[in-house]
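Read the structure below first, then the notes.
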Amino acid sequence: MMAGGNSRYVRYIAIAIFTLALFYFVSNSKYDAVSIRDAIPHASDKSPPAAEKPKPPQTDSKITPPLPATDKKPIDKPADKPADISTTKRPTGDAKEFPLALSPEDPNWDNDLTGIAPGPRMNATFVTLARNSDVWDIARSIRQVEDRFNKRYNYDWVFLNDKPFDDTFKKVTTSLVSGKTHYGEIPKEHWSFPEWIDQEKAKKVREDMAERKIIYGDSISYRHMCRFESGFFFRQPLMMNYDYYWRVEPSIELYCDIHYDPFRLMHEQGKKYSFVLSLYEYVETIKTLWDSTKKFMKNHPEHIAADNSMGFLSDDGGDTYNRCHFWSNFEVGSLNWLRSKQYIDFFESLDQDGGFFYERWGDAPVHSIAAGLMLNKSDIHFFNDIAYWHVPFTHCPTGEKTRLALRCHCNPKDNFDWKGYSCTSRYFDINGMKKPEGFENQQD
Ligand SMILES: Nc1nc2c(ncn2[C@@H]2O[C@H](COP(=O)(O)OP(=O)(O)OP(=O)(O)O)[C@@H](O)[C@H]2O)c(=O)[nH]1
Ligand SMILES: [Mg+2]
């Protein structure tokens with residue numbers, strides 16, 4: 001009896017162990033299924049999963065200053081040659097086989113967000129201008145971009161600095177980026193006063209702005225930064241290898257999953273510039289920017305687009321600037337457009353006028369005026385579905401359905417789009433776009 005009972009228990013235990021083992025196998029094979037799917041090369045996906053991707057050796061390109069400091073017209077040379085770097089070669093899969101799916105209603109909508117994203121990759125990179133001391137703030141930004149998007153796309157990341165990057169900066173950022181990382185030092189000519197600038201006059205301006213407590217008004221480096229972002233980042237040798245860029249600053253947040261490749265949207269829809277936030281510029285910093293712009297428009301009527309966005313920039317047909325601009329700490333854009341003769345002519349004309357130093361012209365109004373006047377309306381894109389924060393403004397997608405589908409964690413009340421100091425409403429109006437449902441409730 002005892003023996004029979006014991007053998008029954010043994011049988012029960014054996015069955016229990018077998019059942020547990022079965023469970024273990026089934027639940028693990030779920031993960032296997034994911035990795036097996038990842039491991040099967042899609043027609044268009046030759047990349048190994050991100051975790052297994054070998055890290056390239058860091059390319060610490062020293063950039064040969066391409067421009068003599070005394071050159072009056074600093075940029076009328078052919079664009080810089082690309083640096084000799086290997087960019088991450090992407091699956092060149094058929095766009096037809098993996099069509100872009102931009103909304104949850106689309107039958108191809110990528111809901112799972114697992115594994116390396118199938119489909120083609122663009123010739124594109126993230127780009128960040130930063131100091132070594134920005135390392136932990138940019139680390140936060142990179143982590144957000146990777147978690148919400150790039151871990152499945154593995155785009156490269158170019159870092160630029162007016163000083164050499166130190167080892168900590170390179171180690172930390174390379175460990176966080178799933179694509180290749182490249183580090184470039186900006187040549188002096190792109191980060192200094194052009195020789196036609198009157199130093200005394202520029203100094204007086206800084207002292208005056210300091211007294212009037214204008215933000216960054218007394219800063220020389222901030223002015224170099226704005227001039228660099230306006231006229232030089234897109235033609236650093238490391239950037240010459242790419243067609244599209246996505247600018248990322250330290251300490252930003254991304255609040256929603258990104259379910260498709262924004263670079264691909266730009267390419268397939270022929271977009272050249274994009275934004276998530278727009279607002280009015282601080283007037284003290286750009287007093288004569290519009291005068292310079294008008295001079296440029298007069299000298300180069302051939303550069304002005306037929307279907308431009310003057311209505312976004314001016315309320316009186318171009319007489320005065322209403323100070324609306326796209327916020328440039330977030331940008332996804334075409335590098336070829338920035339490298340075009342039109343854009344370079346515009347930048348050079350502004351640079352000659354000296355307002356980067358005699359005032360404190362920002363790269364945001366400079367890019368925005370260029371895009372507003374020299375691109376057609378249809379070339380500019382508003383990414384409603386990229387939720388974003390850079391102190392102190394938030395873009396949180398309007399519409400609960402969108403926010404839930406994208407697994408957003410932003411508070412819709414913080415959305416800046418429809419508030420009084422945003423210019424996004426004006427952008428919708430001049431483009432004849434219907435504002436998203438629920439916008440009326442977010443106006444204050
Ligand atoms: N290498 C380098 N990068 C800089 C310098 N000043 C600013 N940057 C970078 O340029 C970008 C813009 O500078 P920020 O200080 O963020 O300017 P901002 O966004 O107008 O102001 P914040 O509200 O302080 O963010 C950031 O990516 C900075 O890391 C500098 O002197 N050297
Ligand atoms: Mg910033």
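Whatever order the structure lists them in is the order used to number ligands and atoms, beginning at 1.
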Within-2.8 Å protein N/O/S contacts of the Mg ion (ligand 2): Glu249 OE1, His390 NE2
Ser292 and Asp353 side chains, donor-acceptor separation under 3.5 Å: yes
Trp418 versus Thr398, side-chain donor and acceptor atoms under 3.5 Å: yes
From CA spacing to verdict: disulfide (SG to SG under 2.5 Å), Cys410, Cys256: CA-CA 8 Å; Cys410 50; Cys256 307; 4.6 Å; no
Evaluation steps, side chain to side chain contact (heavy atoms under 4.5 Å, CB included), between Phe296 and Met374: CA-CA 11 Å; Phe296 168 79; Met374 298 190 287; 3.8 Å; yes
Between Phe428 and Phe439, ring centroids under 6.0 Å: no
Lys203, NZ: over 12 other non-hydrogen atoms inside 6.0 angstrom: no
Write 'none' if nothing qualifies; otherwise put on separate lines each N/O atom of ligand 1 with a protein N/O atom under 3.5 Å away and their distance to 0.1 Å.
unit_1   : atom_1 : unit_2 : atom_2 : d
ligand 1 : 1 (N)  : Ala130 : O      : 2.9
ligand 1 : 1 (N)  : Asn161 : OD1    : 2.9
ligand 1 : 1 (N)  : Asp162 : OD1    : 2.8
ligand 1 : 6 (N)  : Arg131 : NH1    : 3.2
ligand 1 : 16 (O) : Glu249 : OE1    : 3.0
ligand 1 : 19 (O) : Glu249 : OE1    : 3.1
ligand 1 : 19 (O) : His390 : NE2    : 3.2
ligand 1 : 20 (O) : Tyr222 : OH     : 2.5
ligand 1 : 21 (O) : Tyr216 : OH     : 3.2
ligand 1 : 24 (O) : Tyr216 : OH     : 2.4
ligand 1 : 25 (O) : His390 : NE2    : 3.2
ligand 1 : 27 (O) : Leu129 : O      : 2.6
ligand 1 : 29 (O) : Leu129 : O      : 3.1
ligand 1 : 29 (O) : Asp134 : OD2    : 2.9
ligand 1 : 32 (N) : Asp162 : OD1    : 2.8

Between Asp162 and His224: side-chain donor-acceptor atoms closer than 3.5 Å: no
Basic-acidic side-chain contact under 4.0 Å: Lys341, Glu302: no
Tyr183 versus Thr174, side-chain donor and acceptor atoms under 3.5 Å: yes
